*Asks:* 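I have a structure I would like to understand better, so I am pasting it below and will then ask my questions one at a time.
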Amino acid sequence: MTVATKNRIHLGIIVALLLVIAGVAYKFIVAGSTRGNDDGRVAVVLEPGERALMLREMREFVVAIERLTDALARDDLRAVAVAARAAGAAKAHDVPVAMLSKLPLEFKTLAFATHRGFDAMAARAEAGATPKETLVALSALLQQCVTCHARYALATVPTVPQR
Ligand code: HEC
């Protein structure tokens with residue numbers, strides 16, 4: 001075998017490996033684990049425990065919003081900051097990597113933007129934002145909840161084999 005042929009084979013192997021790596025990266029970072037949902041949305045397919053974790057985080061969003069609106073109604077910006085911080089990005093660190101890899105890139109982007117939005121709201125409240133400004137920010141954040149819910153549903157891996 002000539003040196004040139006060997007080089008070509010090595011190059012071929014490297015290209016094949018890079019394609020495999022790109023494919024794996026695409027699957028885990030961009031595509032996630034999804035299937036069509038009956039209602040036209042995209043269903044993110046999770047293990048039952050992962051679904052429970054996701055829904056628990058969702059309900060914590062509602063708790064945070066309840067506390068936020070209560071604090072806003074009382075013009076208590078310190079309590080606004082505490083409530084907003086509870087729904088901030090620190091929460092997202094609870095999500096295991098295996099579960100993150102099942103979420104499509106757009107889903108992850110929306111989810112992190114929502115958590116970061118709460119952090120930004122907390123920071124602005126600490127810096128003296130008015131309740132009206134906080135309400136405007138909350139309304140923009142709620143738009144992200146609406147956008148994601150319109151696009152995505154959750155499904156679990158079937159426990160019985162599908163026919
Ligand atoms: C990145 C996507 C995404 C964002 C952002 C998002 N959600 Fe969700 N949420 C979901 C999905 C997916 C479900 C499951 C819905 C389904 O299967 O029909 C869900 C479910 C819920 C549920 C039902 C919980 C349960 O126990 O059944 C609540 C409540 C909820 N979300 C509140 C919120 C609120 C409030 C926000 C914004 C502050 C928000 N979500 C932002 C994706 C999102």
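Read the numbers this way: they start at 1 and go in the same order the structure lists the ligands and their atoms. Here the structure is a predicted model, which is why all the values come from computation and not from measurement.
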*Asks:* Using a strict cut-off of 4.0 Å, indicate which atoms of ligand 1 neighbour a heavy atom of V62.
*Replies:* 29 (C)
*Asks:* Considering all heavy atoms of both residues, which atom of L100 and which atom of K108 are nearest to each other, and what is their separation?
*Replies:* O-NZ, 3.3 Å
*Asks:* For ligand 1, note which part of R56 has a heavy atom under 4.0 Å away: side chain, backbone, both or neither.
*Replies:*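 Neither part.
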*Asks:* Near C148, which atoms of ligand 1 are under 4.0 Å from a heavy atom of that residue?
*Replies:* 1 (C), 2 (C), 3 (C), 4 (C), 5 (C), 42 (C), 43 (C)
*Asks:* Answer with side chain, backbone, both or neither: which part of L154 has a heavy atom less than 4.0 angstrom from an atom of ligand 1?
*Replies:*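 Both backbone and side chain of L154 come within 4.0 Å of ligand 1.
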*Asks:* Can you list the ligand 1 atoms lying under 4.0 Å from a non-hydrogen atom of A111?
*Replies:* 1 (C)
*Asks:* Taking just the N, O or S atoms of H149, which one is nearest to atom 8 (Fe) of ligand 1?
*Replies:*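 Per the distance ranking, H149 contributes NE2 as its closest N/O/S atom to atom 8 (Fe) of ligand 1.
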*Asks:* Minimum heavy-atom separation for K102 and V45, please, with both atom names.
*Replies:*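 K102 and V45 have their closest heavy atoms at CD-O, 3.8 Å.
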*Asks:* When you look for heavy atoms under 4.0 Å from ligand 1, do you find them on the side chain of L142, its backbone, both, or neither?
*Replies:* neither
*Asks:* Quick one: does M54 get a heavy atom under 4.0 Å from ligand 1?
*Replies:* no
*Asks:* Need the ligand 1 atom indices (1-based, order shown) with element for anything under 4.0 Å from a heavy-atom of Y152.
*Replies:* 12 (C)
*Asks:* Do you know which two heavy atoms are closest between Q144 and L110, and how far apart they sit?
*Replies:*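 Heavy-atom minimum between the residues: OE1-O, 3.7 Å.
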*Asks:* Distance-only, no hydrogens or angles: does the S139 side chain make a donor-acceptor pair with backbone N or O of L135 under 3.5 Å?
*Replies:*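 Not at all, since once roles are kept as given, no pair shorter than 3.5 Å links the two residues.
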*Asks:* Can you list the atoms of ligand 1 that are under 4.0 Å from a heavy atom of L110?
*Replies:* 1 (C)
*Asks:* Select one of side chain, backbone, both or neither to describe which atoms of K108 lie under 4.0 Å from any atom of ligand 1, heavy atoms only.
*Replies:*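 It is neither part, as no heavy atom is under 4.0 Å.
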